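The block underneath contains the structure these notes are about, expressed in structure tokens.
Keep in mind that this is a model prediction, so the values were computed, not measured.
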Amino acid sequence: MTTFTLYHNPRCSKSRATLALLEQHGIAPRIVDYLQTPPTTAELERIVAMLGITPEQLVRKGEAVFAREYEGKDLSAAQWLEAMVRHPILIERPIVVTNERAVLGRPPENVLALL
């Protein structure tokens with residue numbers, strides 16, 4: 001049986017819409033409020049690999065902490081992962097992960113590919 005995990009920010013409209021879409025399809029995902037319980041470096045590495053992107057592509061560049069600490073810097077993949085662990089607000093959201101795949105819920109309809 002496929003399990004679904006939603007890396008969720010309840011304040012984010014896209015995250016709420018993604019949760020609602022999953023629930024409309026009868027899926028009750030395991031919800032991780034990643035701002036309260038940030039993923040580990042290993043979890044982020046796995047998610048990035050499943051998404052098929054680089055760590056930097058998962059970074060929300062519109063956040064104040066990005067502008068303050070990271071804008072214009074050329075960081076390694078490991079350094080971007082470390083930045084997201086240190087400042088989980090930098091993690092793009094929402095992310096839905098199954099046993100084998102992951103998608104960004106931007107737009108929320110992207111999660112339909114997992115169903």
Side-chain angles (χ1 to χ4, degrees):
M1 179 173 197
T2 302
T3 59
F4 288 77
T5 299
L6 172 63
Y7 288 87
H8 180 59
N9 178 347
R11 291 181 154 182
C12 171
S13 63
K14 298 291 186 201
S15 198
R16 291 190 311 270
T18 298
L19 176 57
L21 187 61
L22 289 169
E23 289 173 340
Q24 288 169 5
H25 284 84
I27 296 165
R30 177 178 149 258
I31 297 174
V32 176
D33 182 338
Y34 69 92
L35 295 176
Q36 300 299 317
T37 309
T40 65
T41 301
E43 288 170 322
L44 276 176
E45 282 180 311
R46 179 177 170 263
I47 290 167
V48 165
M50 292 173 84
L51 290 169
I53 62 175
T54 66
E56 184 178 2
Q57 290 173 300
L58 193 60
V59 172
R60 292 177 55 86
K61 296 184 173 145
E63 297 295 333
V65 68
F66 176 83
R68 191 174 57 247
E69 296 189 30
Y70 301 103
E71 191 166 20
K73 294 187 178 178
D74 185 23
L75 301 181
S76 68
Q79 289 170 317
W80 281 120
L81 290 168
E82 181 183 316
M84 288 185 281
V85 169
R86 185 178 314 127
H87 305 285
I89 193 71
L90 291 175
I91 301 170
E92 186 61 84
R93 62 183 180 259
I95 305 167
V96 179
V97 179
T98 65
N99 305 1
E100 302 163 1
R101 297 174 54 206
V103 296
L104 278 172
R106 289 192 169 268
E109 293 77 19
N110 283 352
V111 303
L112 296 175
L114 297 175
L115 305 181

Could you tell me whether a side-chain N or O of Gln57 sits under 3.5 Å from a main-chain N or O of Thr54, the two making a donor and an acceptor?
yes
So which heavy atom on Met84 is nearest to which on Leu44, and how close?
CB-CD1, 3.7 Å
Determine whether a donor-acceptor pair (N or O, by modelled atom type, separation under 3.5 Å) exists between the side chain of Ser15 and the backbone of Asn9.
yes
Salt bridge (Lys or Arg N to Asp or Glu O under 4.0 Å) between Glu63 and Arg60, intermediate numbers included
CA-CA 6 Å; Glu63 297 295 333; Arg60 292 177 55 86; 3.0 Å; yes
Go through the steps for His87 and Tyr70 under the test side-chain contact (heavy atoms from CB on, under 4.5 Å), then give the verdict.
CA-CA 11 Å; His87 305 285; Tyr70 301 103; 3.2 Å; yes
Please determine whether residues Leu6 and Leu51 belong to a single hydrophobic cluster, defined as Ile, Leu, Val, Met, Phe, Trp and Tyr linked transitively by side-chain heavy-atom distances below 4.5 Å.
no
Show your working on salt bridge (Lys or Arg N to Asp or Glu O under 4.0 Å) between Glu56 and Lys61 and close with a plain yes or no.
CA-CA 9 Å; Glu56 184 178 2; Lys61 296 184 173 145; 3.4 Å; yes
CE of Met50 to CD of Glu45: how many Å apart, nearest 0.5 Å?
14.0 Å
So, does Arg106 use its side chain to make a donor-acceptor pair with the main chain of Arg93 at under 3.5 Å?
yes
Chi angles and distances behind the side-chain contact (heavy atoms from CB on, under 4.5 Å) call for Ile95, Val97:
CA-CA 6 Å; Ile95 305 167; Val97 179; 3.9 Å; yes
Only one of Thr5, Thr2, Thr3 forms a side chain to side chain donor-acceptor pair (under 3.5 Å) with Asn99, so which one is it?
Thr3
Distance from Glu43 atom CD to Thr37 atom OG1, nearest 0.5 Å?
10.0 Å
Using a 3.5 Å distance criterion without hydrogens, assess whether the side chain of Gln79 forms a donor-acceptor pair with backbone atoms of Ser76.
yes
